[in-house]
Structures are given as structure tokens and as C-alpha cells.
There are 2 protein chains.
Amino acid sequence: MSPPDPARLALNTVTVRERWNLQQAIEGCRRHGIGGITVWRQDLADLGLAAAARLLKTSGLTVTGLARGGPYPYADAAQRDAAIEDTLRGIDEAAQLEARCLILVVGGLAPGSKDLAASRAMVRDAIGGVLDHALRRGVALALEPFHPMYCADRSCISTLRQANALCDELGPGLGIAVDVYHVWWDPELEAEFRRAGQTRLLALHLSDWLVPTTDLVLDRGMMGDGIIDIPRIRRAMEANGFSGFHEVEIFSARNWWRRDPDEVLDICRQRHRTHC
Amino acid sequence: MSPPDPARLALNTVTVRERWNLQQAIEGCRRHGIGGITVWRQDLADLGLAAAARLLKTSGLTVTGLARGGPYPYADAAQRDAAIEDTLRGIDEAAQLEARCLILVVGGLAPGSKDLAASRAMVRDAIGGVLDHALRRGVALALEPFHPMYCADRSCISTLRQANALCDELGPGLGIAVDVYHVWWDPELEAEFRRAGQTRLLALHLSDWLVPTTDLVLDRGMMGDGIIDIPRIRRAMEANGFSGFHEVEIFSARNWWRRDPDEVLDICRQRHRTHC
């Protein structure tokens with residue numbers, strides 16, 4: 001029953017994005033002794049990529065990830081090609097930021113389609129089409145299975161089992177980002193962590209499932225305020241070789257996004273110790 | 001690519017419950033040429049069980065199911081025993097109504113608990129504890145896997161795979177109710193239909209997944225208004241021996257529950273033909 005290593009706490013900028021820009025988020029992490037940060041590509045717009053990369057490097061923070069590549073299911077070839085081009089650029093950005101991975105949010109059904117199998121094939125082919133570039137740039141791609149309630153519009157990859165199957169099919173360079181909010185319900189979680197092992201387990205995202213949940217997207221909870229047994233999931237990953245950061249990613253329009261980010265980070269640090 | 005048999009359309013009373021009582025729902029089904037009806041135990045309160053049974057029998061409708069038994073995860077022995085007693089009564093009611101099955105909605109996490117494995121064991125033990133009585137009364141128990149977004153508070157059984165595993169473990173008398181709203185996203189659906197086969201495939205519930213979905217419980221769509229490939233699922237079940245009704249069960253506080261039920265049933269009949 002090992003406790004979480006306090007040095008492994010990381011922040012996903014979306015948790016504080018309503019109030020802080022990238023520079024403020026970096027300063028906040030340093031002020032609160034948070035060692036890692038995952039940034040979004042839109043966070044880079046203000047400073048530009050090169051300046052953001054310098055700022056992150058001098059901050060001493062580990063860039064735990066860059067969000068995101070995707071979505072991949074398409075209505076036509078132009079849409080398909082644009083998504084692939086965008087992910088290739090994302091890989092280059094992740095390389096320049098020295099990010100530990102580029103998070104892939106693969107997309108749901110293709111526009112106008114009800115054909116899940118076809119969308120999943122599009123996802124496979126798109127990732128297959130960018131993997132060589134990622135390997136050349138030394139950027140790990142982290143496929144993030146999303147909760148099945150997002151299957152239609154955000155990710156047709158819903159389970160660790162599907163993610164592992166894609167990793168099996170596409171080979172080295174592709175791994176998995178585990179978000180407890182998306183996968184906590186899955187009875188096959190431990191088995192799929194074992195199957196994934198150290199090389200595929202690239203990231204761990206933390207928040208909590210509230211009861212009741214009032215919005216499908218923007219009502220995540222702070223760790224400890226919901227019903228996810230986070231320590232069980234974190235330990236199971238670490239027992240299978242995961243040694244990365246524990247990254248707080250809270251979408252919360254009605255609560256956490258409205259609060260003072262310094263208060264949010266205080267509580268993140270405390271809850272990391274007590275509920276992760 | 002066989003079309004749906006119009007004679008197999010059935011109504012779950014929840015679809016019209018805001019406006020119609022049981023007697024009105026029965027008359028509505030007859031008026032619209034709908035051959036089956038699934039009733040809820042609370043629908044029986046006005047008439048009493050015996051009178052409701054007589055009314056259903058003289059209506060000529062097939063009672064496609066009785067909802068529900070459960071939830072089973074408990075905080076203490078008294079709660080556990082009460083749930084089992086309640087399901088035993090539900091079995092007797094289903095027998096008297098000559099219902100094709102008693103639907104089990106097994107419940108989420110036990111009160112105050114985050115231990116999914118423990119809740120799942122409670123579900124297994126509870127169903128195991130009522131199965132003999134169901135077999136003696138000739139009532140099939142239909143375990144209904146619920147969408148993973150209900151795992152915390154409605155059903156810790158989320159997939160066909162879990163349901164099949166419970167059927168394997170507990171033996172004859174237990175089968176499965178398939179609701180397209182709950183399972184459409186599951187990449188293992190076809191494989192689990194094959195595994196279930198004719199004897200376990202007891203019921204098929206229809207509605208549609210809207211994009212966006214604005215409420216986790218009360219925002220289901222009419223067949224054809226969302227993104228579920230209903231014909232694919234219906235045909236896959238029938239290819240594996242399912243020969244029961246296609247039962248419309250729509251929870252829709254903002255739309256269908258507000259409409260004239262005669263209009264709703266007209267549209268159900270039409271959409272059954274065109275989108276199921």
C-alpha cells in the first residue's frame with residue numbers, strides 16, 4: 001500500500017486555464033512545488049512555440065505531455081489529410097517542448113456516420129500514418145481511451161483493451177495514457193495494465209467521478225470528492241512498471257474553474273497525498 | 001439485411017408514463033397495433049396486481065418484461081435482505097403477469113463504498129440467492145448491463161461480457177436484457193451475442209443516443225434521431241437466436257415525455273420500420 005510520491009504530482013493546464021495563461025501556470029507549479037506540467041497546443045499561441053519551449057526548459061518542470069493529436073475519423077480525404085498534417089505538427093511541437101508524450105484523442109464517429117468499425121479503422125490508419133515520424137522525432141504517442149459516454153463524439157476507443165489491441169497491431173512508438181475518469185469502471189483494468197506493461201504505460205491523469213454528475217464533459221471532481229478508488233488504479237499501474245507523473249486534469253465549469261488557481265493547486269497537493 | 005418484423009414492436013410504459021397510466025398504455029398499444037408491453041412494478045399500484053394481471057391477459061398483449069429487481073449492493077445485512085425479499089416478490093409478480101422476464105438493474109457501488117469488486121460480488125450473491133425461486137416460478141431473470149456512465153449509481157455490471165460471465169457462473173435461469181442505449185459503444189458486442197446465444201438473449205430495448213446528450217439519465221432519443229446503428233445490433237441478436245420483441249424504452253424529460261402519447265406511439269411504429 002505504497003503512498004504516492006509527492007514529487008510525481010503534475011498539473012494539466014486545463015485545470016486552471018480559465019484564470020491562468022501558460023506563464024502563470026508554470027509559475028504556479030513552481031510556487032506549489034509541482035514538478036510536472038502538461039500543456040495544450042492552444043496554450044502555446046500567446047508566446048509562440050520557441051518562447052514557450054525556452055520558458056518550460058528554464059522552469060525546470062518536466063513536460064509530462066502535450067495535448068492533443070486527433071480527431072481522425074473523416075468525411076473526406078481532405079479532412080483525413082488535414083488531421084494527419086496537424087498531428088505531424090503536434091509531434092514536432094512535442095519534440096521541441098521535450099514533452100514525454102503527445103496525447104492522442106482519436107475522435108468518435110466520422111461526420112454523419114453510425115459505423116463504429118469504420119471509424120475505428122480510420123483511427124488505426126491515421127495513427128499508423130504518423131508513427132514513423134513520431135519514432136524519428138523521439139516522441140511517444142499516447143493513445144487515451146475515453147469513457148464510453150464520449151464514444152459518439154470524442155473517442156471511439158473506449159477501453160484499455162482496445163488501446164492495447166491497437167498497440168499490438170501498430171507496434172513500437174504507440175503507448176497509452178490512462179485517465180482514471182475514463183477507465184475506473186472497467187472490470188478488465190488490472191489485466192490490461194499487465195498486458196500494457198512499462199513501455200506502454202505513458203501517462204496517468206487524475207480527477208474524480210462525482211455522484212451525481214450533472215454534465216457529461218465539464219463536471220469532473222477533485223480527487224477524493226467522488227467515487228473512484230484512485231489509489232487502487234495508481235498502484236496497479238505502478239506495480240506494472242509505470243513510473244511517470246500523477247497529473248491532475250479537472251474539467252469543472254461549475255466549481256474548480258471558478259476558484260483561485262492558487263487555492264486549487266493547494267488542494268491538489270493535499271488531495272494527492274491523501275486520496276491518490 | 002432483414003427488416004424488423006412489425007409484429008415484434010413493444011412498448012415500455014416508461015416511454016409514456018408521464019401522461020398515461022397502465023390502463024391507458026394498454027389501450028394505446030392496442031390502438032396502435034403494438035403487440036407487447038413491458039410494465040414497471042409501480043405501474044401496478046393503482047389497479048393492484050390481480051386486476052392488472054387480468055387486464056393484461058384480456059388485452060392480448062404479450063408482457064415482454066417486468067421492471068425491476070435490484071439494486072443489490074448493500075451497506076448492511078438488513079439492506080441486503082430487503083433487496084432479496086423485494087426481488088422474490090418481483091418474481092412472484094412476474095409469474096402472475098406471465099411476463100417473459102423480470103429485468104434486474106443490479107445497482108452501482110454499495111453506499112459509501114468505492115470498492116467495485118465488492119459490489120460486483122454482492123450482485124452475484126444476491127442473484128444467486130433468488131435464482132432457485134425464479135426457476136421454480138418459471139420466471140426468467142434478465143440481467144441488464146447498463147452504460148458505464150451509470151456504474152457508480154445504477155449498475156456495476158456495464159458490459160455484455162460481464163453479464164455473460166455472471167450467467168456462466170450462476171447457471172440456468174439467468175439471461176440478459178440488451179438495451180442498445182447501454183451497449184452500442186462496446187466493440188465486443190457481436191462476440192458476446194454469440195457467446196450468449198438464444199437461451200440467454202431475453203430482451204431488446206430500443207432508444208437512441210443523442211449528440212449532444214444533455215442529461216445522463218433523461219435525455220434519450222427516439223430511434224433514428226441519434227447515432228446508434230440499431231439495425232446492426234438487432235440483426236446481430238437475431239442472427240444469434242433472439243426472437244423476442246423490440247421494446248421502445250425512452251427516458252426523455254425534455255421531449256418525448258412532454259408529447260401526446262398517441263403521437264409518440266405513431267412515431268415509434270414508423271421509426272421501428274425505418275430505423276430498427
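Bear in mind that the values here come from a model prediction, so they are computed numbers and not experimental data. Order of the sequence lines fixes the chain letters, A, B, ..., with proteins taken first and strands second; residue numbering starts at 1 for each chain.
- For Leu216(A), the parts sitting under 4.5 Å from any heavy atom of chain B are the backbone and the side chain alike.
- Ring pair His246(A)/Phe242(A) is tilted by interplanar angle, where 30° to 60° counts as tilted.
- In this structure, Arg8(B) forms no cation-pi arrangement with Phe245(B), as its terminal cationic atom is not both closer than 6.0 Å to the ring centre and no more than 45° off the ring axis.
- Residues His182(A) and Trp209(A) place their aromatic rings such that the two centres sit no closer than 6.0 Å.
- Both the backbone and the side chain of Ile227(B) have a heavy atom closer than 4.5 Å to some heavy atom of chain A.
- For Ile157(B), no part sits under 4.5 Å from any heavy atom of chain A, backbone or side chain.
- A donor-acceptor contact shorter than 3.5 Å links the side chain of Arg41(A) to the backbone of Arg68(A).
- Proximity to chain A (any heavy atom under 4.5 Å) is restricted, for Leu109(B), to the side chain, taken from C-beta onward.
- A salt bridge links Glu238(B) to Arg234(B): one of the charged nitrogens lies within less than 4.0 Å of a carboxylate oxygen.
- Interface check for chain A: of the options Arg161(B), Arg120(B), Glu188(B), the most heavy-atom pairs under 4.5 Å are formed by Arg161(B).
- Between chain B and the residues His147(A), Gln162(A), Arg232(A), Lys114(A), the most heavy-atom pairs under 4.5 angstrom are made by Lys114(A).
- With a 4.5 Å cut-off on non-hydrogen atoms, Ser158(A) touches chain B through its side chain but not through its backbone.
- Remark: Arg195(B) engages Asp168(B) in a salt bridge, criterion side-chain N to carboxylate O under 4.0 Å.
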